[in-house]
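Bear in mind the structure is a predicted one, so any value in this text is a computation, not a measurement. Order of the sequence lines sets the chain letters (A, B, ...), proteins ahead of strands, with each chain counted from 1.
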Amino acid sequence: MHEYLRGLNEQQRAAVEHTKGPLMIVAGAGSGKTKVLTTRIAHLMANGVDAFNILALTFTNKAAAEMKERIERTLQSTEARNLYIGTFHSVFAKILRYEASKIGYPSNFTIYDTDESRSVIKTVVQEMGLDEKHYKPNIVHNRISSAKNALMGPMQYLMDSALQQEDARANRPAIAKIYAAYAARCFKNGAMDFDDLLLKMYELLKTHNEALHKYQHKFKYIMIDEYQDTNPVQYEITKLLAAVHENICVVGDDAQSIYSFRGATIENILQFQKDYDDVKVIKLEQNYRSTQNILNVANKVIGNNKNQLPKVLWTDNETGELIKLIRTGTDNDEGKFVADTIKEQKLRNHYYNKDFAILYRTNAQSRAFEESLRRMGIAYKIYGGLSFYQRKEVKDMLGYLRIIVNQQDEEALKRVINFPARGIGKTTIEKCVIYANEHNITMYEVVKRAGEFGFKAGTLEALNNFTTMIRYFQTMLETNNAYDVAVQVGKHTNIVKELFNDKTTEGLQRYENVQELLNSIKEWTESPSNDDGEQGDKSLGSYLQQITLLTDTDKDEENVDVVKLMTIHAAKGLEFGCVFVVGVEETLFPSAMSINTREELEEERRLYYVAVTRAKDKLWISFANSRYRFGQLVQNEPSRFLDEMPKELLDMTHAASSSRMMGGGNSFGSSFSRNSGNGFAINDAEQAAKKYGPPPEKKGLSYLTKSTAIPKLTAHTPSGNFEASDVSDMEAGHKIEHQKFGFGIIMKIEGSSHNPIATIEFELNGERKIMLNYAKLRIIK
DNA sequence: GATTGCGCGATTTTT
DNA sequence: TCGCGCAATC
């Protein structure tokens with residue numbers, strides 16, 4: 001028996017050894033999925049399959065890198081570097097770069113990230129003379145993105161009556177036209193967005209038989225990780241590629257499907273068994289990651305979902321500690337609690353920073369934890385949010401490199417043509433764009449031939465100087481490597497010098513970022529070619545294409561000792577000794593946007609499942625009575641998911657006994673229910689108190705914000721049938737009755753019109769700020 | 001043509 | 001609260 005087969009359980013081994021024909025591995029959380037995948041590839045190679053003939057598609061670059069490394073270790077050989085392994089996006093980008101001319105693109109095509117796509121949409125909407133307020137870039141982009149992921153071009157979009165009706169109803173009938181213009185503009189710019197990397201790959205295979213045959217033949221063995229998160233384009237592409245050999249192995253867990261907003265559909269994993277004859281299905285149900293308590297909680301919660309493949313996840317691991325449930329007064333208290341607990345755990349149980357992860361639903365929640373960790377002197381890193389490559393100074397530098405490599409790229413040109421300022425202003429740029437559109441040439445072409453378009457002498461000179469500089473960089477690129485050119489760009493444009501002279505903290509940071517960028521280019525240039533025989537390519541163009549697809553979770557920083565903060569989405573596939581799942585409140589988790597259909601809610605629940613199953617040893621789940629949103633303190637109920645966890649597995653006394661780090665006073669009494677029919681939350685508070693222990697006592701801690709201290713409530717019982725009045729009728733000066741606080745006078749109304757906040761002086765309960773949308777008030781006079 | 005300041009709208013999740 | 005877009009000003 002091969003050495004690498006030892007240490008696999010029966011099912012894992014069966015999955016590894018089943019190499020011929022379609023295979024579906026249903027892999028529960030923590031069931032050794034990566035191990036199976038890597039061992040399976042090693043096994044193929046050990047049995048004579050050429051690495052060049054194996055395609056493995058993963059969800060993140062990090063997963064790909066990790067797999068590659070593990071295979072090398074298993075086989076004690078560098079052959080693994082010949083594997084085609086990476087994310088859908090990066091693998092297809094590589095292939096498209098090679099095949100670009102077949103579909104009319106330059107091989108140096110630019111890849112637009114989401115920001116750039118939106119920016120192009122914005123220009124297109126402007127140029128079409130449409131109302132920008134109405135056709136907001138992110139809304140339009142989402143529509144287009146969904147269409148692309150569903151294999152729909154502009155024409156099909158226009159012909160689709162369901163989509164047309166939706167757009168008409170939303171009063172956005174021009175989306176199909178914008179889509180067409182956007183696609184045309186991207187093409188003209190020699191650019192693809194993220195979705196194009198999939199869509200164009202599909203089109204390539206569909207329209208070019210020789211390309212289809214080539215890759216069908218090349219990829220004799222195909223493996224796809226996280227299959228539950230693939231979307232229709234990805235599904236169609238892999239189906240095409242696998243059609244000849246049918247050696248396709250998909251790995252997934254329907255319980256962890258969390259990307260439907262990106263077009264992913266569980267249908268793919270359910271459909272797989274029908275697509276091929278004789279599909280072998282193997283279930284990996286033993287969990288090696290978590291304690292029994294953690295796993296039991298996770299199983300119980302996910303059991304509330306109706307749509308799922310039957311499986312039972314179990315573990316041999318020890319029972320472990322109870323799951324600790326924590327209620328805090330505010331989001332700041334929550335941050336403080338987590339930082340305190342980390343400090344305590346490090347001292348008591350000798351954990352390192354890197355053993356901890358703080359997982360939240362939205363990026364905006366990171367702030368409170370950032371502050372508290374910084375105050376406690378605990379090293380941390382936030383993943384997600386603004387990535388390195390999205391920073392302005394980095395984008396500016398990259399803008400130059402992009403226009404050097406691809407002169408069609410109008411986005412890049414507009415970004416750098418007057419940065420640093422060189423007297424080419426808005427009007428000039430607008431003129432260039434108009435001339436370009438009129439003559440159907442690229443904007444760069446207009447700039448290059450500025451003399452033909454009647455610019456004023458000064459402007460003309462500025463434009464000419466600019467193109468001379470770009471041309472200088474281009475010729476330089478012929479004889480120098482990417483790094484040298486990048487350094488020259490920094491010098492010649494004065495970008496580096498300007499940042500260097502900026503001695504503010506931010507300026508220093510920006511300078512360092514540019515230096516880091518240069519280092520990364522250097523590293524790329526000098527690292528050994530990856531031996532893939534066909535496209536081992538160290539050109540600047542290749543560099544630019546790859547970095548757009550990088551996220552900061554991809555950077556392997558295992559040995560850096562920091563607490564990790566990230567969204568639950570970003571945490572998929574990762575595991576940590578100690579996990580804090582925070583902000584587990586209604587409207588936040590589940591998100592208010594995702595509680596309208598069963599499908600949406602079930603996805604939120606799967607997300608919760610993913611969060612909980614990241615933990616190996618210890619799990620804390622926290623929620624706050626109130627938190628700042630839009631700069632206002634708002635109250636939330638505890639999440640419904642908390643009710644779905646079996647109480648005997650929860651340590652709820654912790655919430656009450658650790659009140660030393662929590663505040664909020666009697667803030668329960670003032671929380672407003674969003675959905676309980678009677679419009680106030682005191683019942684919820686009582687229920688919550690029963691369920692999760694008594695509300696934390698206030699101990700006057702300095703970090704508590706004043707607004708959490710709310711005067712004691714004097715209860716009020718409304719007279720007769722209480723009928724709430726229309727919010728829009730309310731004005732300052734009105735006398736009102738509140739269901740719980742009793743009679744009062746509206747002092748003022750502020751806040752936005754869709755979220756008005758009234759300051760009301762109550763007879764018995766003092767002055768309070770009331771959110772009119774949630775509270776029910778009756779106008780007396 | 002660049003800089004500053006004010007007012008308004010925004011929060012899901014990401015390759 | 002924060003960041004962005006727009007308008008006013010030099």
Side-chain angles (χ1 to χ4, degrees), chain A residues 57-64 86-93 111-115 117 119 122 132-133 136-139 141-142 145 148-149 192-198 226 229-231 233-234 257-264 331 359-368 383-387 389-390 392 418-430 456 458-459 462 546-554 566-572 583 587-595 600 603-604 606-608 610-611 627-634 705 751-755:
Chain A
L57 297 168
T58 63
F59 206 71
T60 62
N61 294 295
K62 188 182 178 181
T87 61
F88 279 90
H89 294 268
S90 69
V91 166
F92 294 165
I111 298 173
Y112 283 156
D113 65 19
T114 310
D115 288 342
S117 302
S119 161
K122 205 180 158 194
E132 286 179 71
K133 286 263 155 12
K136 291 198 180 115
N138 57 342
I139 293 177
H141 183 239
N142 286 342
S145 178
K148 285 183 175 177
N149 285 321
M192 296 193 198
D193 64 17
F194 286 144
D195 306 313
D196 285 334
L197 294 175
L198 308 176
E226 311 277 14
D229 283 323
T230 52
N231 61 34
V233 213
Q234 292 167 326
S257 164
I258 54 174
Y259 279 96
S260 72
F261 69 93
R262 223 165 77 187
D331 47 353
L359 307 181
Y360 34 76
R361 177 70 240 267
T362 67
N363 281 306
Q365 286 165 259
S366 66
R367 202 210 80 251
Y383 292 83
L386 245 212
S387 98
Y389 296 104
Q390 284 176 300
K392 185 187 176 299
N418 199 32
F419 181 86
R422 52 174 72 85
I424 304 175
K426 218 169 88 189
T427 356
T428 310
I429 294 174
E430 265 167 25
K456 276 187 284 185
T459 316
Q546 290 305 303
I547 58 162
T548 316
L549 301 171
L550 287 182
T551 60
D552 36 341
T553 335
D554 291 330
M566 63 184 88
T567 63
I568 299 161
H569 283 90
K572 191 167 82 137
T587 74
L588 196 58
F589 195 11
S591 158
M593 332 288 271
S594 309
I595 48 172
E600 284 174 350
E603 177 145 326
E604 292 288 305
R606 290 193 294 268
L607 195 55
Y608 191 67
V610 169
R627 66 176 60 238
Y628 279 95
R629 263 180 132 180
F630 311 115
Q632 291 284 340
L633 197 68
V634 298
T705 41
S752 60
S753 61
H754 60 271
N755 186 22

Inset, instruction - Let me see the working for A:Lys392 and A:Phe419 under side-chain contact (heavy atoms from CB on, under 4.5 Å), right down to the final yes or no. - result: CA-CA 11 Å; A:Lys392 185 187 176 299; A:Phe419 181 86; 3.5 Å; yes
Inset, instruction - Determine, stepwise, if the pair A:Thr58 / A:Glu226 fulfils side-chain contact (heavy atoms from CB on, under 4.5 Å). - result: CA-CA 7 Å; A:Thr58 63; A:Glu226 311 277 14; over 6 Å; no
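Residues that satisfy the ring pair (Phe, Tyr, Trp, His ring centres under 6.0 Å) test with A:Tyr259, not counting sequence neighbours, are A:Phe59, A:Phe261, A:His569. For A:His141, there are no ring pair (Phe, Tyr, Trp, His ring centres under 6.0 Å) partners two or more places apart in sequence or in a different chain. Every side-chain contact (heavy atoms from CB on, under 4.5 Å) that A:Gln546 has, sequence neighbours left out, goes to A:Ser90, A:Trp524. For A:Ser119, the side-chain contact (heavy atoms from CB on, under 4.5 Å) criterion is met by A:Glu411, not counting sequence neighbours. The side-chain hydrogen bond (donor to acceptor under 3.5 Å, both in side chains) test applied to A:Glu600 returns no partner, not counting sequence neighbours. Partners of A:Tyr360 under the ring pair (Phe, Tyr, Trp, His ring centres under 6.0 Å) rule, at least two apart in sequence or in another chain, do not exist in this structure. Taking A:Asn363 as the reference, nothing meets the side-chain hydrogen bond (donor to acceptor under 3.5 Å, both in side chains) condition, with sequence neighbours excluded. Taking the salt bridge (charged side-chain N to carboxylate O under 4.0 Å, His left out) definition, one finds that A:Arg367 meets it with A:Glu371, sequence neighbours left out. Listed by chain and residue number, A:Glu603 satisfy the side-chain hydrogen bond (donor to acceptor under 3.5 Å, both in side chains) test with A:Ser260 (two or more places apart in sequence, or in another chain).
One atom, CD of A:Gln234, and another, P of B:dT14, lie 16 Å apart when rounded to the nearest Å. The distance between atom CZ of A:Arg629 and atom P of B:dG9, rounded to the nearest whole Å, is 18 Å. Regarding A:Asp229, its CG atom lies at a distance of 11 Å from the C1' atom of B:dT13, rounded to whole Å. The OH-P distance, from A:Tyr383 to B:dT14, rounds to 15 Å in whole Å. The distance between atom CG of A:Asp193 and atom P of B:dT15, rounded to the nearest whole Å, is 15 Å. A straight line from CG of A:Leu607 to P of B:dT13 spans 11 Å, rounded to a whole angstrom. Note: CD (A:Glu604) to C1' (B:dT12) measures 8 Å, nearest angstrom. A straight line from CD of A:Gln546 to P of B:dT15 spans 14 Å, rounded to a whole angstrom.
In this structure the side chain of A:Phe88 reaches within 4.5 angstrom of the side chain of A:Thr230, judged on heavy atoms.
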Polar atoms only, N or O, under 3.5 Å: list the protein pairs with nucleotides 6-8 of chain B and their distances.
none

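Rounded to the nearest Å, the gap between the P atom of C:dC4 and that of B:dT13 is 16 Å.
In this pair, A:Phe261 lays its aromatic ring flat on the base of B:dT13, centres within 5.5 Å and planes under 30 degrees apart.
Between chain A and DNA chain C, the heavy-atom contact criterion of under 4.0 Å yields a 5' to 3' nucleotide range of C:dT1 to C:dG5.
Looking at heavy-atom distances under 4.0 Å, A:Tyr259 makes contact with sugar-phosphate atoms alone, never a base. Residue A:Lys122 is classed as a sugar-phosphate contact, given heavy-atom separations below 4.0 Å to backbone atoms only.
Contact check, A:Thr428 against B:dG1: a side-chain N or O comes under 4.0 Å of OP1 or OP2. In this model, the phosphate group of B:dT14 is approached by a side-chain N or O of A:Thr567 to a distance below 4.0 Å at OP1 or OP2. The phosphate of B:dT15 has neither OP1 nor OP2 within less than 4.0 Å of any side-chain N or O from A:Asn61. Proximity of A:Asn418 to the phosphate of B:dA2: a side-chain N or O atom is located under 4.0 Å from OP1 or OP2. For A:Lys572 and B:dT13, the shortest distance from a side-chain N or O to OP1 or OP2 is not below 4.0 Å. Phosphate proximity of B:dT15 to A:Asn149: absent, as no side-chain N or O sits under 4.0 Å from OP1 or OP2.
The side chain of A:Ala421 has B:dA2 as its nearest neighbour among B:dA2, B:dT13, B:dT15. Comparing B:dA2, B:dT11, B:dT15 by their nearest atom to the side chain of A:Thr87 picks out B:dT15.
Base pairing in DNA chain B yields stems of at least 3 consecutive Watson-Crick or G-U pairs, both distances under 3.5 Å, namely B:1-10 with C:1-10.
For A:Met593 and A:Phe59, each mapped to the nucleotide of DNA chain B holding its nearest heavy atom, the one lying further toward the 5' end belongs to A:Met593. Position along DNA chain B of the nearest nucleotide to A:Ser594 versus A:Thr459 favours A:Thr459 as the more 5'-ward residue.
A:Asn149 places no side-chain N or O within 3.5 Å of a backbone atom of A:Ala264 that could act as its donor or acceptor partner.
At a cut-off of 3.5 angstrom, the base of B:dT14 holds no donor-acceptor pair with the side chain of A:Thr114.
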